[in-house]
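I have placed the structure first, in the form of structure tokens, so that the comments after it can refer back to it.
Residue numbers start from 1 in every chain, and the chains themselves are labelled A, B, ... in the order their sequence lines are given, proteins ahead of strands.
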Amino acid sequence: MIQHIAEQFPTVFAALNVGFLQTVKLFVVTLLGAIPFGLLISFGSMSKIKAISATVKTVVWIVRGSPLMIQLLIIYYFPGLVLHTPIWGSGEQGRFIAAAIAFIINYACYFSEIYRSGIQGVPIGQTEAGKVLGLSKSQIFFKVTLLQMIKRIMPPMANEIITLVKDTSLARIIALQEVIWAGQAFLKGSQGISGEIWPLFFTAVYYLAFSGLLTLLFGYIEKKLSYFR
Amino acid sequence: MKKIIALLLAVALMACFAGCGKSDAKSDKTDLEYIKEKGKLVVGITDFAPMDYKDGDKWIGFDADMATKFAEKIGCEVEFVEIEWDNKVFELNGKSIDCVWNGMTLNDEVKAAMATSNAYCNNAQVVVVKADVAQDYQTAEACKKLKFAVESGSAGKDMAEENGFEFIEVKDQATALMEVASGTSDAAIIDSLMAAAMVGEGTGYEQLTYTVALNSEEYGVGFRKGSDAVAELNKFFDECKADGTLEKIAETYKVQAALIK
Amino acid sequence: MAFFEVNNLIKSFGKTKVLKGVSFSLEKGEVLAIIGSSGGGKTTLLRCINFLELADSGTISVGGKVLYDGTVDKKMSDTKMREMRLHFGLVFQNFNLFPQYTALKNVMLAPLLLKIDREENIASTARELIDRVGLSDKADFYPCQLSGGQQQRVAIARALALKPDILCFDEPTSALDPELTGEVLRVIKGLKSSDSTMVVVTHEMEFARNVADKIIFMADGVIEEMGTPEQLFEHPQSEKTKAFLSRSLER
């Protein structure tokens with residue numbers, strides 16, 4: 001058994017690495033998009049203009065209330081099936097862009113709620129202290145509340161981001177070839193290896209290593225921010 | 001409140017369209033003209049030896065080679081795209097692929113949802129069991145005692161229903177084999193071509209074997225509903241039969257015995 | 001016209017009238033103490049003076065210039081609001097120091113962001129201020145490392161850094177343990193000798209009596225009685241004042 005796996009390992013390892021690269025790419029692109037976009041959404045949901053906050057809150061409800069898998073299907077297939085303009089193209093790149101957009105929207109909505117609780121969790125006295133010192137709204141946000149907000153949202157964000165690592169696997173519903181897809185290929189048969197389940201099990205090692213690394217990173221950041229309360 | 005209702009409606013509509021959208025392209029171009037115009041035939045496949053599989057970065061196999069030749073014939077490049085098999089009709093109608101050419105069994109559902117070519121290859125649904133108990137299950141009647149795993153929406157599932165077997169549906173044929181190998185199901189029903197490649201001596205499932213053929217069926221290629229590319233492909237198949245190309249490529253991948261002559 | 005004048009301020013929250021026409025004036029260097037039971041409108045008055053709330057009507061003027069007129073200034077630009085606020089400083093009941101900055105950086109932050117001077121001058125002024133509130137050895141401590149009294153002293157230094165015309169205190173010792181109030185009151189007392197104009201909302205009767213030039217007793221959104229400490233404490237005219245004072249002195 002061990003020898004059997006050892007023989008197949010180089011082939012499987014190479015294929016899983018290619019898949020994992022796609023996983024990491026989706027993860028990074030999602031974060032780069034969703035972290036700032038989520039802030040925009042949280043401002044929208046806290047807007048004093050009723051029409052804006054109501055619309056944004058409804059969208060957040062829809063996105064958070066429906067499965068990401070369905071959102072992936074809608075975003076990838078809707079333009080071609082209903083609008084008759086297949087905007088994504090057929091290849092890997094189009095699938096990746098569609099997946100990234102679905103993930104960014106979905107995660108931005110989750111992040112926006114975390115931001116909102118973070119912003120509202122910073123005592124109002126902090127903003128008022130900034131105001132009476134004659135600071136502008138943006139100075140108050142960036143120099144006074146932002147870091148306190150970041151400290152507050154770190155634990156829930158860490159949670160969400162580690163969930164994202166694993167959620168990337170949903171993208172295979174629109175045939176994005178991430179690491180689980182790569183592992184499953186050896187079940188059906190690929191590159192002369194078929195009926196092997198161990199590559200699929202082995203993909204868990206990638207997720208474990210990746211989320212372990214992130215856990216360490218978040219622990220480090222939280223420690224860095226522990227100098228104030 | 002109005003806004004919320006409007007949004008809800010929009011979402012419901014989207015979901016409905018996505019579910020029942022039909023390729024009723026408004027343009028007056030035919031499907032073949034559309035494919036030729038973009039200069040690329042996009043072929044939806046799954047990794048499925050010996051029909052479509054990867055050799056390095058290149059897709060080869062009986063189906064892949066034939067698709068490449070057909071694309072050449074209509075003056076297009078060929079592009080192979082791996083798809084999620086359950087979504088093949090969406091992929092076609094959404095135009096992210098132009099055809100499904102992947103050892104696809106021509107059953108009623110496929111024929112209803114796609115424009116299908118003439119059959120080019122024979123196949124059968126066979127019962128896979130553990131080799132040590134194989135002699136007990138050589139007839140469909142004997143197999144009635146078994147608990148089956150079948151691919152959801154597959155021809156194998158149709159057979160299980162037809163024969164009144166007790167079964168569960170799993171994601172794909174490979175998973176069905178896993179079920180048998182791990183003992184969570186007693187037997188699976190899969191394509192004979194696949195069984196030949198994946199089960200028995202020298203494969204990943206040495207402890208399994210296949211017994212009864214429950215039916216005989218045929219493989220074909222699927223295009224978008226109403227596509228005129230089908231006629232072109234049937235013509236191409238006839239030419240390839242006549243000049244021996246089909247036979248030659250089939251021999252390369254050892255599927256000549258299953259060819260429809 | 002007096003240096004600082006507040007004229008007929010009216011403020012409601014929804015249907016509740018919190019300020020029902022408050023007027024007073026103060027000369028430069030004077031200290032005004034505002035006393036009264038909670039819910040009387042003291043804090044709201046202070047917040048209106050610092051434009052954390054905008055009065056519905058009434059005027060606020062400093063140095064003979066009308067800064068705010070409630071009947072016209074309802075919607076004003078952020079910039080104008082910031083300019084107006086710079087005439088005033090406010091020390092909060094619960095300090096509201098910025099937790100992520102050291103004591104010194106708390107004092108320096110606003111001057112730096114508002115670019116009122118070169119950085120090294122701002123830093124040396126800030127050190128002087130920290131020194132003045134008696135915390136030179138704690139300049140590099142974070143707020144969470146300081147006691148409540150020390151935090152409040154840093155907050156006073158922070159408010160002074162922008163050299164406001166009028167410095168306001170909103171019950172500066174109410175959030176402190178009794179043994180820590182003394183150090184904060186001493187600092188405020190020290191400011192009086194340096195000629196700062198101050199408005200102090202307080203429950204510390206002894207302090208009000210010793211430090212203030214003028215005392216206002218507020219009840220139910222109006223100034224019930226106003227006068228020198230001697231007038232107010234020794235010869236209160238209003239029944240409400242008498243009742244309040246006897247209750248406060250019992251404690």
Side-chain angles (χ1 to χ4, degrees), chain A residues 35 39-40 43-44 46-53 114-115 117-158 217-229, chain C residues 43 46-47 49-53 77-103 105-116 140-146 151 154-155 158-164 166-170 175:
Chain A
I35 285 175
L39 197 58
L40 210 68
F43 286 148
M46 290 186 288
S47 168
K48 287 197 189 89
I49 304 164
K50 269 268 156 58
I52 294 179
S53 70
I114 295 177
Y115 293 158
S117 73
I119 291 170
Q120 291 174 344
V122 175
I124 184 77
Q126 291 290 311
T127 308
E128 290 185 346
K131 278 184 182 171
V132 297
L133 288 169
L135 306 185
S136 70
K137 277 182 183 144
S138 73
Q139 285 171 336
I140 292 173
F141 179 73
F142 286 109
K143 298 291 179 175
V144 177
T145 39
L146 183 62
L147 193 65
Q148 298 183 47
M149 171 187 144
I150 290 174
K151 184 182 165 84
R152 267 161 211 276
I153 64 174
M154 241 17 236
M157 282 296 275
L217 177 72
F218 289 126
Y220 174 78
I221 295 175
E222 277 182 39
K223 203 168 159 216
K224 272 271 155 189
L225 288 174
S226 66
Y227 72 90
F228 71 87
R229 270 200 296 270
Chain C
T43 295
L46 217 52
R47 289 172 65 84
I49 292 173
N50 283 275
F51 310 108
L52 288 175
E53 309 287 352
S77 71
D78 199 34
T79 333
K80 196 190 165 210
M81 182 97 86
R82 290 169 61 195
E83 276 168 19
M84 288 182 352
R85 283 190 178 127
L86 284 177
H87 289 279
F88 300 92
L90 176 61
V91 174
F92 296 87
Q93 184 175 347
N94 42 12
F95 336 132
N96 290 335
L97 288 183
F98 306 134
Q100 71 268 45
Y101 298 122
T102 61
K105 192 70 201 293
N106 261 280
V107 179
M108 288 171 67
L109 185 71
L112 281 178
L113 291 177
L114 302 179
K115 301 194 176 73
I116 60 168
D140 296 323
F141 282 43
Y142 287 95
C144 61
Q145 299 167 303
L146 300 174
Q151 288 189 52
V154 174
R158 180 174 73 174
L160 286 170
L162 289 171
K163 304 183 181 71
I166 294 128
L167 184 55
C168 305
F169 295 83
D170 184 11

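- Of the listed residues (Leu52(C), Val91(C), Asp78(C), Asn50(C)), the one with the most heavy-atom contacts under 4.5 Å to chain A is Leu52(C).
- Remark: Phe142(A) pairs with no residue by the ring-ring contact (aromatic ring centres under 6.0 Å, His included) rule, at least two apart or across chains.
- Distance check, rounded to the nearest 0.5 Å: CG of Leu109(C) to CG of Leu133(A) gives 8.0 Å.
- Of the possible polar contacts, one joining the Arg82(C) side chain to the Gly134(A) backbone as a donor-acceptor pair under 3.5 Å is found.
- When heavy atoms are compared at a cutoff of 4.5 Å, Tyr101(C) approaches chain A solely by way of its side chain, counted from C-beta outward.
- Between Gln139(A) and Leu114(C), the shortest heavy-atom distance links the atoms OE1-CD2, 4.3 Å.
- Heavy atoms of Lys151(A) lying under 4.5 Å from chain C are absent altogether.
- Only the backbone of Leu97(C) comes within less than 4.5 Å of a heavy atom in chain A; its side chain stays farther off.
- Here Phe141(A) pairs with Phe43(A) under the ring-ring contact (aromatic ring centres under 6.0 Å, His included) rule; sequence neighbours left out.
- Here the shortest heavy-atom pairing between Val144(A) and Gln100(C) reads O-NE2, 2.7 Å.
- Contact record, Pro99(C) with Phe228(A): O-CB, 3.0 Å, taken as the closest heavy-atom pair.
- Using a 4.5 Å cut-off between heavy atoms, Leu113(C) contacts chain A through both its backbone and its side chain.
- Applying the ring-ring contact (aromatic ring centres under 6.0 Å, His included) criterion to Tyr142(C), with sequence neighbours excluded, gives Tyr227(A).
- Only the side chain of Arg47(C) comes within contact range of chain A, with heavy atoms under 4.5 Å apart.
- Residues of residues 122-130 of chain A placed with any heavy atom under 4.5 Å of a heavy atom in chain C are listed by number as Gly125(A), Gln126(A), Glu128(A), Ala129(A), Gly130(A).
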Practice prompt. Take Phe92(C) and Val132(A) through the test side-chain contact (heavy atoms from CB on, under 4.5 Å) and record every step on the way to the result.
Written response: CA-CA 10 Å; Phe92(C) 296 87; Val132(A) 297; 3.9 Å; yes
